[in-house]
Engineer: 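One structure, as structure tokens, below. Some questions next.
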2 protein chains.
Amino acid sequence: MSSILSGNSIAAVAALIGDPARANMLSALMGGQALTAGELAWHAGVGASTTSGHLAKLTEAGLLTLERQGRHRYYRLASADVAQAMEILMAVAVAGPKRHRPVGPKDEALRTARTCYDHLAGRLGTALPDSLCRHGHVALADGGGAVTARGQRFLAEFGLDLEHDRGKGRPLCRTCLDWSERRPHLAGRLGAGLLDRLLALGWLARNPDSRALAITPAGVQGFADRFDLAPERWTGG
Amino acid sequence: MSSILSGNSIAAVAALIGDPARANMLSALMGGQALTAGELAWHAGVGASTTSGHLAKLTEAGLLTLERQGRHRYYRLASADVAQAMEILMAVAVAGPKRHRPVGPKDEALRTARTCYDHLAGRLGTALPDSLCRHGHVALADGGGAVTARGQRFLAEFGLDLEHDRGKGRPLCRTCLDWSERRPHLAGRLGAGLLDRLLALGWLARNPDSRALAITPAGVQGFADRFDLAPERWTGG
DNA sequence: GCGATGGTTCGGCCGGGAACGAAACGTCGG
DNA sequence: CCGACGTTTCGTTCCCGGCCGAACCATCGC
């Protein structure tokens, strides 16, 4: 029998994620925001008491962290690893059964633009690195990438502080497999910074009930002007 | 409630991995070799009939592929994504509970050198890119990397065909988070090619019952001579 | 043809764990 | 001090799914 450590500890974590209620909670937290137990209960579609038990298990296992604030308890994903695990599982899920790809209208919004933990994903999320590459602002290669000198100027002018959160070992530019597009989008400090900035500029708007992001009129204009991204690049198909 | 697609399909996949018997089967297949149902039953520690059911589910979901050969059925992981999902879950599992678990002697072998699907992991696996970087053969950055001109010569001389399996979209040089070392090791075509070559040279030997790899005397000599890797670099601690 | 070996299908047993309601706890607002 | 709200704990119910053994199917060697 192979190592006890390998199989069984993987199973323990996967079993936690493997319950629909818990998976929906984790999915909701992929938005990157901290949510209260009550909100998570709503997302999962189960009662408060049930939710409490689930959250206890998830924090116990180190998938979530808890922050008490008054009579609320805010939960968030414990690490980017957890978010990445969710993304990969999603990629496996959609790749899996060759048949079966009924995408509802609700999912269409997710495919256009959504958060992936703390960065941008979806068609817009994958179009962005395309644009940056095309203009020589970043060079992507095999799961990682680098920002060119020209890109540094461009991004600084756009309002990004690439030195922010340096240290802590988090890479500046990393790519992450997009489960809906099956192409890379930007993660790492660059990806997180970009999303922050896009939200701050009001180009994108969060949706309180879902990970889907709305592209505002200012965003449509801005992406076209500053990133050479016409709307056709992120709308359906 | 957030998208049906997100949470529930993740849960379905995670639940599959979340059963100890299935997780052990998948772990065994992380060795990259195809295994028969009987072998997998042994790895999982369950009966043949139980195993058959598990394997049916896993293939049905697209995590495994099946290859019939005579009266044997060979199963293998359906894609590198599945392997990556397992690795990340492992990383989450060990990072999870703050209190670290003591690791048994059996796991010590795994920490020294093991296969991660089709490439090399463990202390030796992480020492290798260190050495290649140190000598300017590859340049690693943020989850990916590139082989330098000098590295191409070095690797070609070592017997690697870096053009092999080009196309198919698989990156040449990719890094993969090592769950035991929490540092990157080499994946991608380069990682796979290196492992192949190391096995072919007899520097490493597979273990039929585990993902752990044995370093042969020829390997000890070879790693020191060709890669400037003294044994201290991969032995305990 | 014949057994032997590897795998799958079927039926039934059994335990783990997910769900809920009711009640207790803690915190905020007045 | 009060009630309102958010959350947890407890006790209970109940169903899903893993496991096995036995029978059945397929392939190999002879």
Engineer: Calculate the interatomic distance between A:Tyr74 atom OH and D:dG6 atom C1'; express it in whole Å.
Structural biologist: 11 Å
Engineer: Assign B:Tyr75 to base, sugar-phosphate, or nothing according to its heavy-atom contacts below 4.0 angstrom with the strands shown.
Structural biologist: sugar-phosphate
Engineer: May I ask you to say what B:Arg22 touches in the nucleic acid, namely base, sugar-phosphate or nothing, with a heavy-atom cut-off under 4.0 Å?
Structural biologist: sugar-phosphate
Engineer: B:Leu35 has an atom CG; how far is it from atom P of C:dG6, in whole Å?
Structural biologist: 15 Å
Engineer: Whole Å only: how far is the CD atom of B:Glu60 from the C1' atom of D:dG17?
Structural biologist: 16 Å
Engineer: When the distance from CG of A:Leu40 to P of D:dT7 is rounded to whole Å, what number comes out?
Structural biologist: 9 Å
Engineer: Would you check if there is a donor-acceptor pair between the side chains of B:Thr112 and B:Arg123 at a distance under 3.5 Å?
Structural biologist: yes
Engineer: Under 4.0 Å between a side-chain N or O of B:His72 and OP1 or OP2 of C:dG7?
Structural biologist: yes
Engineer: Less than 4.0 angstrom between a side-chain N/O of A:Arg73 and OP1 or OP2 of C:dT27, yes or no?
Structural biologist: no
Engineer: Drop me the distance from B:Leu128's CG to B:Leu198's CG, to the nearest 0.5 angstrom.
Structural biologist: 6.5 Å
Engineer: Between D:dT7 atom C1' and A:Glu39 atom CD, what is the distance in whole Å?
Structural biologist: 14 Å
Engineer: Just the rounded figure in Å: distance from P of C:dG7 to CD of B:Glu67.
Structural biologist: 14 Å
Engineer: Determine: side-chain N/O of A:Thr50 to OP1/OP2 of C:dC20, distance under 4.0 Å, yes or no.
Structural biologist: yes
Engineer: Between C:dT8 atom P and B:Leu55 atom CG, what is the distance in whole Å?
Structural biologist: 7 Å
Engineer: Without hydrogens or angle criteria, can the side chains of A:Arg206 and A:Thr115 be said to hold a donor-acceptor pair below 3.5 Å?
Structural biologist: no
Engineer: Which part of the nucleic acid does A:Ala48 contact within heavy-atom distance under 4.0 Å: base, sugar-phosphate only, or nothing?
Structural biologist: base
Engineer: Without decimals, in angstroms, what is the distance between A:Ile17 CD1 and C:dG17 C1'?
Structural biologist: 18 Å
Engineer: Can you list the steps and then say if B:Leu77 with B:Tyr117 is a side chain to side chain contact (heavy atoms under 4.5 Å, CB included)?
Structural biologist: CA-CA 8 Å; B:Leu77 297 187; B:Tyr117 189 42; 3.7 Å; yes
Engineer: Would you call A:Arg73 and A:Glu39 a salt bridge, using N to O less than 4.0 angstrom?
Structural biologist: no
Engineer: Do any side-chain nitrogens or oxygens of B:His54 fall under 4.0 Å of OP1 or OP2 in D:dG17?
Structural biologist: no
Engineer: Would you say A:His185 and A:Asp178 are linked by a side-chain donor-acceptor pair, where the criterion is simply a distance under 3.5 Å?
Structural biologist: yes
Engineer: Does C:dG21 have OP1 or OP2 sitting under 4.0 Å from an N or O in the side chain of A:Ser49?
Structural biologist: no
Engineer: Counting only side-chain N and O atoms of B:Ser52, is one of them less than 4.0 Å from OP1 or OP2 of C:dT8?
Structural biologist: yes
Engineer: Side-chain N or O of A:Lys57 less than 4.0 angstrom from OP1 or OP2 on C:dA18?
Structural biologist: yes
Engineer: Please figure out whether A:Gln69 or A:Ala15 has its closest DNA chain C nucleotide nearer the 5' end.
Structural biologist: A:Ala15
Engineer: At 4.0 Å (heavy atoms only), tell me whether B:Thr51 reaches a base, stays on the sugar-phosphate, or touches nothing.
Structural biologist: nothing
Engineer: Of the candidate nucleotides D:dT27, C:dA18, D:dA4, which contains the atom at the shortest distance from the side chain of B:Arg71?
Structural biologist: D:dT27
